[in-house]
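Here is the structure we will look at, set down as structure tokens.
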Amino acid sequence: MKIATFNINGINRRLDNLLAWLKAAEPDVVCLQELKARHEQFPAAAIEAAGYGAVWVGEPRWNGVAILARDAEPIVTATSLPGDPADRHSRYIEAAVGGVLIASLYAPNGNPRPGPKYDYKLAWTERLISRAAELEAMKVPVVLAGDFNIVPEPRDIYPTRSYDENALVQPESRALYQRLLDQGWADALRKKHPRETIYTFWDYMRQRWERDAGLRLDHLLLSKQVARRLVSADVDRDVRGMPGASDHAPAWVTVRSRE
DNA sequence: ATGGCTATCGCGGATAGA
């Protein structure tokens, strides 16, 4: 079973890129972020024609997340992150596919910092930690996949000082990510590549892709019940170099079928 | 400190992203 996450940065603007990658990579489950489309603007027909069932939550201009399943219909278990009914952002969806509970999440960026956006980032990620604790306690296979908007360690960003004040790299942000790992979740990309440099995002500006000036922001966290079935994990970097690409590349894991 | 790119919405320029 291959499970992927991809911050698509506008699903309609980038539908051709997405369909080409689906055909080439053949993932069984895809978590998408930054749809940038209202619910009714989601290209459901094209996704279905590609062989995928889909569930999603949209929003007029920003955010928006989805879960796709090859030859299957995801069974929705949540369409928002619990903990704040006043939070209207479409940043979280959760569904069961093939015996695995999948969460597709798009954490707030948090810039500029300090300020209300940074406060929202920290509060949202605290809510994610609470939801993750509930899911972990179920002792079932779970994958938390998406754009966490946190660079876990200094080696997960290219050598630069320009991000020193950025919300993505702050000790507070990193401590939140560490608390998720401390619950028992496995960072699949890091687990499979303990010493490599891994990036999933390259800014459009200043030739950051051409210079490989990237950041690791997109993560797949596996509950113990999935981690012990982990076979491989990687980033489809080539996708970032395609014409009209998203500024993120897809990341994915493969796991053995249930023992 | 700013600008640098790209997106939506909608037709100019504001706002967000990271």
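So that the names make sense, note that chain A is the first sequence line, chain B the second, and so on, each numbered from 1.
Annotation: B/dG10 and B/dA16 have their P atoms spaced 16 Å apart (nearest Å). Only the P atoms considered, B/dA14 is 13 Å distant from B/dG3, to the nearest whole Å. Atom C1' of B/dA1 sits at a distance of 31 Å from the matching atom of B/dC11, rounded to the whole Å. Taking atom C1' on both nucleotides, B/dT2 is separated from B/dG12 by 22 Å, rounded to a whole Å.
Residue contacts shown for A/Arg208 are absent, as no nucleic acid heavy atom lies under 4.0 Å away. If you check every strand for non-hydrogen atoms under 4.0 Å, A/Arg206 touches a base.
The closest side-chain donor-acceptor pair between A/Asn149 and A/Tyr106, if any, does not fall under 3.5 angstrom. Defined by atom type and a distance below 3.5 Å, a donor-acceptor pair is present between the side-chain atoms of A/Trp21 and A/Asp236. In this structure, a donor-acceptor pair under 3.5 Å is present between the side chains of A/Thr200 and A/Asp218.
Across the protein-nucleic acid pair, A/Ile8 atom CD1 and B/dT6 atom P stand 16 Å apart, rounded to whole Å. Straight-line distance from the CZ atom of A/Arg211 to the P atom of B/dC5: 11 Å, rounded to whole Å. When rounded to the nearest whole Å, the span between CD of A/Gln207 and C1' of B/dT6 equals 16 Å. Remark: P of B/dA18 and CD of A/Glu165 are 19 Å apart, rounded to the nearest angstrom. If you measure from atom CG of A/Asn9 to atom P of B/dT6, you get 11 Å, rounded to the nearest angstrom.
The aromatic rings of A/Trp56 and A/Phe42 sit parallel to each other, their planes meeting at less than 30°, with 60° as the upper class boundary.
A/Leu168 contributes atom CG, which lies 5.0 Å from atom NZ of A/Lys121 (distance to the nearest 0.5 angstrom).
The pair A/Arg127-A/Asp87 counts as a salt bridge, with a side-chain nitrogen and a carboxylate oxygen less than 4.0 angstrom apart. Using a 4.0 Å cut-off between charged side-chain N and carboxylate O, A/Lys2 and A/Asp28 make no salt bridge.
For the pair A/Arg216 and A/Tyr199, the cation-pi test (distance below 6.0 Å, angle within 45°) is failed.
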Per-nucleotide protein contact string for nucleotides 9-17 of chain B, where B marks a base within reach and S marks sugar-phosphate only (heavy atoms under 4.0 Å, - for neither): B----BBSS
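Of the possible polar contacts, one joining the A/Arg211 side chain to the A/Arg206 backbone as a donor-acceptor pair under 3.5 Å is found.
Of the residues in residues 120-129 of chain A, not one comes within less than 4.0 Å of DNA chain B through any heavy atom.
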